[in-house]
Amino acid sequence: MPELPDVESFRRVFASHAVGPPVRRVDVLDTGVLRDVTADRLSEALVGRRFTEPRRRGKLLLAPAGPLAVVLHFGMTGSLHWAGPGQDVHRHDRVVFAFPDGELRYRDMRKLQGLRLVEGTRGVDEVLTGVGPDATEMSRDRLGELLGGRRQVKATLTDQSVIAGIGNLLADEILWRARINPRTSGVHLGRDDLVRLDAAMSSVLRQSIEAGRVPTDKSWLTGRRDEPSGSCPRCGTTLVHERAGGRATTWCPRCQPR
């Protein structure tokens, strides 16, 4: 499932290839990924326009094109790819933006989310209504305020209306590094807990963004979580696989006691 680091890598692909040259053609290969816009309207609005620098908010990618903006949501299986001339279309490519030197392709197997076309600042603001601040822009004090309620910390971290960009993998990795049990209530987080959590979040996000995804290195919890009898990379204890905050969750019972 794409999380903040994946979407940041998609933003960089977009910025590297699709900013500047005019859109020659928009091919909608599957209307199932269009949200509140028709294929004809999308093509009519974008052909001849030039995209400017895209920006990301959590898991959303916003690509301005004059007074309009394309908003891309990648759901569980979405991605963005650049293809050179003559490269075969992938069977899960849903929308293709053609440029003079290649194509930007929105690919999504399950089509749970998709693309929107919005107009002006007001349209962007409406899309972002209910989306929390980006996880990379979070101060320690603000993080403490957001986590200070009675909800389990895992549920708060993965709530996109509270903190945008953190999904299951990132949340489990951050909590493991901070030695905090995912079922801990926010009101029980002390100052030392918050310091560790803030440091872990900054480190995990930075390294994941550099990698373009959440790493699966064996020194990371994410590199062990899918093993049926995976062990903690830090202490070797067998990991627990249960639900916390309504999500499948992995943690170390020794490093992250309740």
Side-chain angles (χ1 to χ4, degrees), residues 1-119 124 127 134 136 165 167 169 205-217 222:
M1 179 185 299
E3 299 191 30
L4 186 157
D6 305 88
V7 180
E8 177 60 22
S9 72
F10 303 153
R11 187 197 68 78
R12 293 175 180 178
V13 169
F14 200 116
S16 296
H17 298 286
V19 170
V23 178
R24 282 190 168 179
R25 192 180 71 255
V26 179
D27 297 329
V28 177
L29 307 178
D30 190 333
T31 59
V33 297
L34 298 184
R35 302 290 183 267
D36 302 323
V37 65
T38 65
D40 287 343
R41 170 57 182 153
L42 187 66
S43 178
E44 179 184 284
L46 294 177
V47 170
R49 291 193 181 275
R50 300 172 189 267
F51 284 108
T52 53
E53 193 71 19
R55 65 187 180 96
R56 181 190 52 72
R57 174 84 163 269
K59 301 180 183 182
L60 292 178
L61 184 61
L62 300 98
L68 306 171
V70 175
V71 182
L72 301 99
H73 193 312
F74 300 93
M76 292 185 68
T77 58
S79 57
L80 204 57
H81 301 267
W82 177 256
Q87 188 171 329
D88 290 342
V89 173
H90 189 278
R91 66 193 181 99
H92 294 142
D93 287 340
R94 309 301 183 184
V95 179
V96 175
F97 302 93
F99 297 89
D101 60 343
E103 298 177 345
L104 187 69
R105 299 174 177 178
Y106 176 84
R107 184 176 299 170
D108 193 356
M109 180 177 67
R110 296 184 64 181
K111 302 184 291 183
L112 296 179
Q113 294 291 338
L115 284 68
R116 298 178 185 274
L117 183 71
V118 300
E119 297 191 25
V124 171
V127 169
D134 192 86
T136 61
L169 295 180
L205 289 175
R206 175 178 53 78
Q207 294 178 67
S208 297
I209 289 171
E210 289 175 358
R213 56 170 294 177
V214 182
T216 55
D217 187 280
T222 51

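What's counted below: heavy atoms across the whole structure, side chains too, no hydrogens, waters or symmetry copies. Predicted model, so just to flag it, every value in this text is computed and none were measured.
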Show which side-chain atoms of residues 95-104 pair as donor or acceptor with protein atoms under 3.5 Å away, not counting sequence neighbours.
{"from": "Glu103", "atom 1": "OE1", "to": "Arg105", "atom 2": "NE", "distance (Å)": "3.0"}
{"from": "Glu103", "atom 1": "OE1", "to": "Arg105", "atom 2": "NH2", "distance (Å)": "2.7"}
{"from": "Glu103", "atom 1": "OE2", "to": "Arg25", "atom 2": "NH2", "distance (Å)": "3.2"}

Side chains of Val37 and Val118, heavy atoms from C-beta outward: is any pair under 4.5 Å?
no
Which residues pass the side-chain hydrogen bond (donor to acceptor under 3.5 Å, both in side chains) test with Gln207, not counting sequence neighbours?
Ser203
Arg24/Val47 under side-chain contact (heavy atoms from CB on, under 4.5 Å): CA gap, chis, key distance, verdict
CA-CA 6 Å; Arg24 282 190 168 179; Val47 170; over 6 Å; no
Quick check: do Leu169 and Glu3 have side-chain heavy atoms less than 4.5 Å from each other?
yes
Give the C-alpha distance, both sets of side-chain angles, the deciding distance and a yes or no for salt bridge (charged side-chain N to carboxylate O under 4.0 Å, His left out) between Arg94 and Asp108.
CA-CA 7 Å; Arg94 309 301 183 184; Asp108 193 356; over 6 Å; no
Can you name the residues that form a side chain to side chain contact (heavy atoms under 4.5 Å, CB included) with Asp88, not counting sequence neighbours?
none
Sequence neighbours left out, cut at 3.5 Å: what donor-acceptor pairs do the side chains of residues 62-73 make with other protein atoms?
{"from": "His73", "atom 1": "ND1", "to": "Gly75", "atom 2": "N", "distance (Å)": "3.1"}

Are any non-hydrogen side-chain atoms of Ser16 and Trp82 less than 4.5 angstrom apart?
no
Sequence neighbours left out, what passes salt bridge (Lys or Arg N to Asp or Glu O under 4.0 Å) with Arg56? Give chain and number order.
Glu8, Asp134
Which residues share a side-chain hydrogen bond (donor to acceptor under 3.5 Å, both in side chains) with Thr31, sequence neighbours left out
none
Please lay out, stage by stage, how Arg11 and Glu53 fare under the test salt bridge (charged side-chain N to carboxylate O under 4.0 Å, His left out).
CA-CA 9 Å; Arg11 187 197 68 78; Glu53 193 71 19; 3.5 Å; yes
Taking all atoms of both residues into account, what is the closest heavy-atom pair of Lys111 and Val33, and its distance?
CG-CG1, 3.7 Å
If you define the side chain from C-beta out and look only at heavy atoms, does anything of Leu117 sit under 4.5 Å from Arg41?
yes
With a 4.5 Å heavy-atom cut-off, do Ser208 and Pro215 have their side chains touching?
yes
